Amino acid sequence: SEPLSSLDLAQCAREPIRVPGAIQPHGWMVSLDALTRALVAFSENWSGLLGPSPDLNRRIEEVFAHLDFEVADLARNDGSSSLGHMSVGGRTLHASAHLRDGLLHVELEAQADEPGARAPIYMLTRQLLPRMQEAQTVEALCQLAAAAMKQLTGFGRCLIYSFDADGHGAVLSEEIDAGYDSYIGHHFPGSDIPPQARELYKVNRFRLIADANYTPVPVQVVSPEWADKPLDMSLLQLRSVSPVHLEYMRNMGTLASSSVSIIVRGELWGLISVHDHAPRQLDYATRIACEHLGQLLSLQIEAKEDNARISQEAELRQLTLALVAHLADSDATLQRLVDHPSLLLRIARASGAAVVLNDECWTVGDVPDDASLQQLVEWLAPRTTDAFHTARLPALCPPMVDHTRIASGLLALSISQVHRQYILWFRPEVVQEIHWAGDPRKNVDSKGDGRLHPRRSFATWREELRGRSLDWTPGELGAALELRQALIGIVLRRAEELAEVAS
Ligand code: BLA
């Protein structure tokens with residue numbers, strides 16, 4: 001079932017999240033020309049900080065005239081850098097800055113105590129890192145990270161949210177205080193986080209929404225040169241977020257949220273996301289620690305996934321070699337593959353396999369009847385040059401609808417361009433009950449204002465998925481292709497030997 005129409009999704013994808021023209025009200029920002037330090041833009045709440053003044057622009061410029069730092073140092077950093085504390089309008093504020101498009105963006109926030117030896121980052125290196133190294137699985141890693149993020153931020157709920165192959169999110173780990181709904185095991189449709197947001201979260205890995213009820217502070221552009229260029233706020237920590245998302249948070253009963261990107265092999269793998277029922281702030285040192293936690297988790301997930309893939313590949317290679325050796329020792333006809341049923345099945349973690357040579361079939365385990373196998377091969381022929389795989393066969397191939405239970409997954413190898421020679425593996429149906437957080441089809445224009453609004457209910461909504469098997473992993477597909485290469489070699493050699501005998 002398609003949760004949302006493509007029209008709705010296009011609306012979400014158009015939210016101009018990099019150029020909102022406003023910031024959240026828990027800080028102040030200015031944009032200066034990186035070379036001249038001339039004022040280019042500022043958030044309109046500066047008058048509250050410096051007092052109303054007819055020459056506010058000049059007074060803001062003065063604040064930064066003596067700011068001491070090297071632009072080159074900032075250029076080396078792809079996020080924001082701390083500039084330490086500044087005294088502005090009689091208040092001590094923490095300043096951080098980053099460069100973008102030749103502009104120096106400075107953000108100021110109320111100062112938290114100097115953390116010193118209590119700095120949140122120490123908790124990570126002293127306690128968390130050694131425990132992460134001991135964790136055996138990605139799930140165990142995520143559980144440790146969820147607990148650490150919740151402890152760092154003091155928020156009421158922490159979820160580790162990962163994206164599946166379809167872009168939907170699933171909650172892998174959770175830490176919650178009493179009074180918070182649990183979402184562990186729940187799925188969220190991919191459309192809850194539109195594509196431009198996912199792109200941005202790869203670049204800017206940390207976000208804080210301090211109060212979902214906030215009133216945005218407009219950013220005023222004073223430089224004529226920038227008058228009609230939208231100011232790119234991608235890397236601002238105070239960036240005002242999409243109103244659709246703020247409505248989503250309020251519907252979920254979340255007034256504060258913060259999230260850190262989990263990036264594995266350059267892709268957005270998931271998010272560490274914390275929520276609170278009440279507005280919350282996080283100081284600079286805590287935010288840096290959270291970002292660092294995200295990096296630790298990302299690296300550890302990548303290492304765990306790499307290790308699992310490498311050991312699976314080694315195991316599959318051994319099985320392939322054993323099968324090929326066996327075939328080479330025999331008369332080398334492909335039907336010999338079924339002589340070692342468990343080897344043939346294990347190589348693709350299948351529960352049924354068939355060798356189809358023209359109109360004959362040899363099978364092991366759970367497979368459709370011979371006539372259906374022939375129909376399947378008929379269907380496969382125009383679609384397959386070397387290999388074909390699907391975890392949703394009944395939806396693709398009508399003759400297989402009656403074999404859903406044993407043949408929802410298919411991996412097929414075509415051995416010859418000329419003859420009908422196929423090796424087929426089948427996987428049974430795995431009925432999946434998906435627990436969605438709310439019915440995703442209920443994102444609607446509920447207010448009749450021509451805009452899409454996020455759903456209001458996040459109560460569990462169950463969906464049953466049928467006609468699907470477990471997915472074929474890249475390792476399994478790689479092993480199958482390697483096996484195909486070896487089989488072609490054996491079959492060709494055999495044909496040559498026969499030709500020699502005949503001549
Ligand atoms: C952004 N949507 C997001 C973000 C999350 C979610 C986590 C990123 C915000 C952040 O990291 O702080 C969704 N929030 C969730 C999910 C959970 C959660 C899945 O707490 C699970 C526990 N969203 C919609 C619809 C639209 C939409 C219908 O539901 C579009 C009309 C848009 N979501 C939307 C947009 C953003 C977003 C535009 C980007 C917000 C921004 O960064 O400005």
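The structure displayed is predicted, hence computed values, not measured ones. Counting convention: from 1, in listed order, for ligands and their atoms alike.
- Distances shorter than 4.0 angstrom occur between a heavy atom of Tyr248 and an atom of ligand 1.
- Around CZ of Arg91, the count of heavy atoms belonging to other residues, nucleotides or ligands within 6.0 Å does not exceed 12.
- Only the side chain of Val244 comes within 4.0 Å of ligand 1, counting heavy atoms alone; its backbone N, CA, C and O stay farther away.
- Atoms of ligand 1 lying under 4.0 Å from at least one heavy atom of Cys12, given by number and element, are 25 (C), 26 (C), 28 (C), 30 (C), 31 (C).
- When only interatomic distances are considered, the shortest N/O to N/O separation between Arg455 and ligand 1 does not fall below 3.5 Å.
- Under the salt bridge (charged side-chain N to carboxylate O under 4.0 Å, His left out) criterion, no residue pair touches residues 132-141, with sequence neighbours excluded.
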(message) Checking Arg466 against Glu433 for the salt bridge (charged side-chain N to carboxylate O under 4.0 Å, His left out) test, could you report, in this order, the C-alpha distance in whole Å, the side-chain angles of both residues, the deciding distance, and whether it holds?
(response) CA-CA 9 Å; Arg466 298 199 154 269; Glu433 192 180 67; over 6 Å; no
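- Within the 4.0 Å heavy-atom shell around ligand 1 one finds Arg239.
- Ligand 1 places these atoms under 4.0 Å from at least one heavy atom of Val241: 41 (C), 43 (O).
- Contact annotation: for Ser242 versus ligand 1, heavy atoms closer than 4.0 Å belong to both the backbone and the side chain.
- Residue-to-ligand polar distances keep Tyr161 apart from ligand 1: every N/O pair is separated by 3.5 Å or more.
- Residue Pro194 places a heavy atom less than 4.0 Å from ligand 1.
- Contact annotation: for Gln11 versus ligand 1, there are no heavy atoms closer than 4.0 Å.
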(request) Check step by step if side-chain contact (heavy atoms from CB on, under 4.5 Å) holds for His245 and Ile209. (result) CA-CA 10 Å; His245 181 55; Ile209 299 165; 3.7 Å; yes
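- Every atom of ligand 1 is numbered from 1 in the order shown, and the set under 4.0 Å from a heavy atom of Ile209 is 12 (O).
- Distances below 4.0 Å separate heavy atoms of Arg207 from the following atoms of ligand 1: 10 (C), 11 (O).
- The ligand atoms of ligand 1 that sit less than 4.0 angstrom from a heavy atom of Ser259 are 10 (C), 11 (O), 12 (O).
- Applying the ring pair (Phe, Tyr, Trp, His ring centres under 6.0 Å) criterion to Tyr180, with sequence neighbours excluded, gives His277.
- Residue Glu15 has at least one heavy-atom neighbour below 4.0 Å for each of these atoms of ligand 1: 38 (C).
- Atoms of ligand 1 lying under 4.0 Å from any heavy atom of Tyr201, numbered from 1 in the order shown and given with element: 1 (C), 8 (C), 9 (C), 39 (C), 40 (C), 41 (C), 42 (O).
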